[in-house]
Amino acid sequence: MKVSLEWLSEYVDLVLSPERLADVLSMAGTEVERIHTLGARVSGVVVARVVKVKEHPNADRLRIAVVDDGAAEREVVCGAPNLKAGMVSALALPGALLPASPDTGLSESVIRGVMSHGMLLSEDELGLSDDRGGIIELEAGAVVGSDIHEVLPLEDMVLELEITPNRPDCMSVVGIAREVAALTGGEFRWPYREPVEDGGPAGDLLKVRLVDRIGCPRYSARVVTGVEIRPSPAWMQRRLVASGMRPISNVVDITNYVLLEMGQPLHAFDMDLLTDTTIVVRKAEPGERMTTLDGVERALDEDCLMIADAARAVAIAGIMGGEDSEVTDATRNVVIESAYFDPTAVMLTSRRLALRTEASSRFERGTDPGGTARAADRAAELMRELAGGTVAVGVIDEYPEPIVPVAIELRPDRVNRVLGTDIEASEMAGILGRLEAEVEGKDALRVTAPTFRPDLEREIDLIEEIARVHGYDRIPSLLPAGGGLVAGLTREQVRQAKLVDGLVSLGLSEAITYSFMRPGDLELMRLSAEDPLRGAVTLINPVAETGEAMRTTLLPGLLRLASSNLNKGNRDLAVFECGRVFMAGAEGGLPEEVERVGILICGRVSDAGWPTEDRAADFFDLKGLVEDALSICGTAVKAVFSPAEAVFLLRGRAAELLLDSELAGLLGQLDPAVAVAFDIDCEVYVAEMSRDLLTGAADVPRPYVPVGRFPNVKVDIAVVVDSSVEARQIEEEIHVRGGELLRAARLFDVYEGPQIPEGRKSLAYALEFGSAEGTLTDTEAHERMDGIIEGLRERFGASIRGRDSIQEDS
Amino acid sequence: MDDLEKLNELTEGRPELARLVQESLEEIGACRDGEDLEHARIRLLGKKGTVTGLFKGLAGLTTGDKKVLGQTGNLLRKLIEERLDEKGRELAGAARSQAGRALDVTLPGRRPRIGHKHLLTQVTEEITSIFVSLGYQVVVGPEVELDYYNFEALNQPPYHPARSLHDTLYVSRKDPHRESPDDVLLRTHTSPVQVRVMESRRPPLYVISPGKAYRKDEIDATHSAMFHQVEGFAVGTDITMGHLKGTLEVFARKLFGEERDVRFRPHFFPFTEPSAEVDVSCHGCGGSGCAICKRSGWLEILGSGMIDPRVFEYVGYDPEEYTGFAFGVGVERVAMLKYAIDDMRVFFENDARFLRQY
Ligand SMILES: [Zn+2]
């Protein structure tokens, strides 16, 4: 909300600088987001009266105004359509400084052959508003020749405020003035004046019937007859503009002015356009329609609260008036509606119609039920003053069950217990009193909040008020004693952190992708309709850009990541993501959320550097990362990789990871067809695993294996077997035969080619034998070797190519 | 006693022998390369060499002298052999030291690929660890939540715009027009963890809960449909707003620097009262105003407040017995402020060049 300081100063003395005031308001909960300065420097502009208007000899659109500047008459050329003799306007004299040219004075100039000795100004040219439809029309009483600053407050500061939802009362100049008075100790002055009533009794002209008393607990109205519609005075227009509203005409501007001033939304009906003299407040009828002020025809239903006459709806209560009872230039007699509508009723209507207005946003938060009549009075009096209207006697005020605020019990010791303060009860009473609450009692206080503070219902609400006005900065800071708490990370959380650290240490960078996916993503991955991953949780109102389902796998996100990076020229990727996938649960229940770890690599294995190994990543790089991740986690159970099939992985290049026989993940090369579907033009390797199986399997500490104080005997052998034999089987056999003296068996070469028979392959292993008891002799090692070779021959028909032995330090 | 000391003892009173030993060792010491060393070996140990000469001189000596001379010769040969070997290794090492070709040491080093934690994870860990050090436990909760935990039990009034299809992503709604506690939605903050923890445990509670949250926002520089928060709360019989201030001051200074000022501004949240937004003096300008703080000198870093008694009523705590405070930190916001990032989208685009920066 925007509040003009010039306007505000009418209701409270502003003793602080704008910046200091902004600070004080911010520190009391009404955040000042910005301070605007309105009206640039203007000089050399005086009030002038148009004496006579003459035709321009050379231009149809231009005329010559003879103006009285207080000292003499002078001729100026003017193109404004509203120029007419007798009007009072603003005249820039030669040499005047205007916002558009703050450094160069206005010069006399010849316009289409006629000398112009000055310039009549529009609001736009004065920096008041962006209205350039005509020259500014000042009040007829303004003293001709006086400086414009004496008539128009051109320079003003406007505070842009963020009003929290609990403070509807602050959505008005009066509300902010009250707040400023309470915070700075100043005196708050009401803008209220008793209206001068010189018409007939209002009750004879209009009746009000409340059908829906829940939706509308109070309806006040005033009738003003004989108004003359014309522009509102410049001071009012200026305040409206400063507050972000467009001036329209005096009657409409007055309703807006009172809305901004008192926070009470008003609506003005053209009384002659109402079907009869009774206003009815009711719910809309099924199928009812009406066209609102903005020209939109709206379909209504029973949720909508309406203002109607005998024949039809004339307004949507608290939101917007109807087109066919609108105040126009022809309006003579006006009904001013000033009601208290139930916040929920207005909110429901506003939501149903998707229509929010200045009025609805105030009613929704709760206006002052005690202030409706006063606001109607204020508007009526302004219409009498500014539109020449006659105010009918009396307020029509339907208020069958007055809303009375309840007294709240306030225990001073409770206040101090919640805040951690030592505030005296008398100070509490003083603060609440300044906020216009009624306070009784000395120790236990009974507090009755004013009707404009619907947010004060409970003791805690009052505690907040005391804290806020006393000052949060005066509450002493302290750390809780705590004590005896079991804090810190759980063992599982420590392992989870270790997994992430481990993946990072392997050269993988962490990605965070959206938890959403498009169902199409799973089709691109070629997953069938029956696949469990297709059981996604979908959103009923998704954000289009990110997808309408919750992901059931991390892969689409990682593949899109790869695609966008590849397109940007980032060709070497090594990333992982730890995040949740969502598996649909029972209808209407919560899904199962499962923590997964995804890995994606592509491009070269090393990050540039000049003399580098320029090798493309392959399956075994991926598998190595997974193996190292397991090792870093400290997985104590047996990890087995087996050939696997998955529709999105290339056949023959996919494996599943089993931890203690439980399926923990899948890894392999992305099928090129799937890659193309995701706009990926290179080989990509992906893995997805269960985080909890990875880290959970590490809960049992691995027992220490003595590293051996004696040197190991190292032997290299190359085993030639049929190509179909799996390396895993050979390793199993080597370990079985090698027994506990075999400390390690490391594959260092795989060969298929000319020196090996067709359909066979050679696997070369570096074996290490050793014992904790002492140095092994060659004989002992060779006995084991013989056993291994015998086993491989028997089981796989293996032939052995080489057998070298060297002895080294372990 | 080593060989040299033994020799010195044997040759005591026999200056010509002592000189012989002395000169032999000096000759080895003076060798400058392998060739010198080979010459020295021949001169000292060869057929016509010093040691051989010594043994040749044995003939015609008394038994006692023979014995001394023989011992001296044997010891001297051993010592010379050792010294020659030692000198040989020394010279070989020196030769290798000189053989290396000069490198252009200004060429870049060959760096192994290193991984990077996502900046949001780093910031989350930083925030979390500060509270763990203050005695908090880490508890996480579901991202797909019931309206009850996300709104209802957090005192969010019915019909509030936050509860509408316009602001919140819904999985299912009981009634398409109205919200109900059974509606399933993507949590809009990490605060539902407060309710879940309080429902299942008794105070004292000191809990921190990092995680993802969601909002129906189109994605742009300052909005994201997914973001990260760290929720924290403390509940006990004597927790005050002073404790809230003390705790969050420690936190803000650990996160942004010990010299930062911290201020608490009244605000409104449905689930806390009194509520406060916490600002920290800008690290970019020290409070005088700059682009990071939009000239205000202050950075808003989190929302907080005393847990509303109604929330305690929902979880079955007696609000007369317990008080507590709660706060929520936006991880993206902290990361953007700390690292002067002006576009939220970089966090989720995962451009490899961004990931490698931190
Ligand atoms: Zn700054």
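Lettering of chains follows the sequences in order, A, B, ..., and the numbering in each one begins at 1.
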Check whether [X] gets within reach of chain A through its side chain, its backbone, both or neither, counting any heavy atom under 4.5 Å.
X      : answer
B:E277 : side chain
B:T128 : neither
B:E249 : side chain
B:Y214 : side chain
B:L186 : side chain
B:V184 : side chain
B:D217 : backbone
B:V207 : neither
B:A225 : both
B:T237 : backbone

Who among [options] has the most heavy-atom pairs with chain B under 4.5 Å?
options                        : answer
A:N166, A:V500, A:T344, A:V537 : A:N166
A:L573, A:V504, A:I466, A:T164 : A:V504
A:L506, A:V543, A:D455         : A:V543
A:E545, A:M347, A:R417         : A:R417
A:A497, A:S564, A:P591         : A:P591
A:L419, A:T490, A:L503         : A:L419

Check each atom of [X] against the heavy atoms of chain B and say whether the ones under 4.5 Å are side chain, backbone, both or neither.
X      : answer
A:T513 : both
A:S505 : neither
A:R167 : neither
A:S26  : both
A:P480 : both
A:R34  : neither

Are any of the side-chain heavy atoms of [X] and [Y] separated by less than 4.5 Å?
X      : Y      : result
A:E577 : B:H118 : no
A:D461 : B:E273 : yes
B:L165 : A:R351 : no
A:I540 : B:S172 : no
B:H267 : A:E162 : yes
A:I512 : B:K212 : yes
A:M27  : B:R263 : yes

*Please lay out, stage by stage, how A:L479 and B:H243 fare under the test side-chain contact (heavy atoms from CB on, under 4.5 Å).*
CA-CA 5 Å; A:L479 280 179; B:H243 294 136; 5.9 Å; no
For [X] and [Y], which heavy atoms make the closest approach, and how far apart are they?
X      : Y      : value
B:I114 : A:S509 : O-OG, 4.4 Å
A:R580 : B:G141 : NH1-O, 2.8 Å
B:P266 : A:A28  : CG-C, 3.6 Å
A:V418 : B:P274 : CG1-CD, 4.4 Å
B:T323 : A:R414 : CG2-NH2, 4.2 Å
B:D351 : A:N570 : OD1-ND2, 3.0 Å

Under a 4.0 Å threshold between the charged nitrogen and the carboxylate oxygen, would [Y] count as salt-bridged to [X]?
X      : Y      : answer
A:R458 : B:D308 : yes
B:E320 : A:R411 : yes
B:K117 : A:D501 : yes

*Quick one: list whatever passes side-chain contact (heavy atoms from CB on, under 4.5 Å) with B:R295, sequence neighbours left out.*
none
*Can a donor-acceptor pair be found between the side chains of A:N565 and B:N350 at a distance below 3.5 Å?*
no
Gap between atom [atom2] of [Y] and atom [atom1] of [X] - 0.5 Å precision:
X      : Y      : atom1 : atom2 : answer
B:E300 : A:E31  : CD    : CD    : 6.0 Å
B:L355 : A:L508 : CG    : CG    : 11.5 Å
B:F268 : A:I163 : CZ    : CD1   : 13.5 Å

*Before giving the answer on side-chain contact (heavy atoms from CB on, under 4.5 Å), spell out for B:M241 and A:Y472 the whole-Å C-alpha distance, their side-chain angles and the decisive distance to 0.1 Å.*
CA-CA 9 Å; B:M241 188 138 177; A:Y472 280 9; 3.6 Å; yes
_Per the salt bridge (Lys or Arg N to Asp or Glu O under 4.0 Å) rule, what does the pair list look like for residues 464-473 of chain A, sequence neighbours excluded?_
A:E179-A:R468, A:R453-A:E465, A:E465-A:R468
_If you count heavy-atom pairs within less than 4.5 Å of chain A, which of B:H166, B:H228, B:K174, B:K245 leads?_
B:K245
*Residue among B:T121, B:V132, B:I239 with most heavy-atom pairs under 4.5 Å to chain A*: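 The candidate making the most pairs under 4.5 Å is B:T121.
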*Specify whether B:F348 and A:Y514 have parallel, tilted or perpendicular ring planes, treating 30° as the upper limit for parallel and 60° as the lower limit for perpendicular.*
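Rings of B:F348 and A:Y514: tilted, as their planes differ by 30° to 60°.
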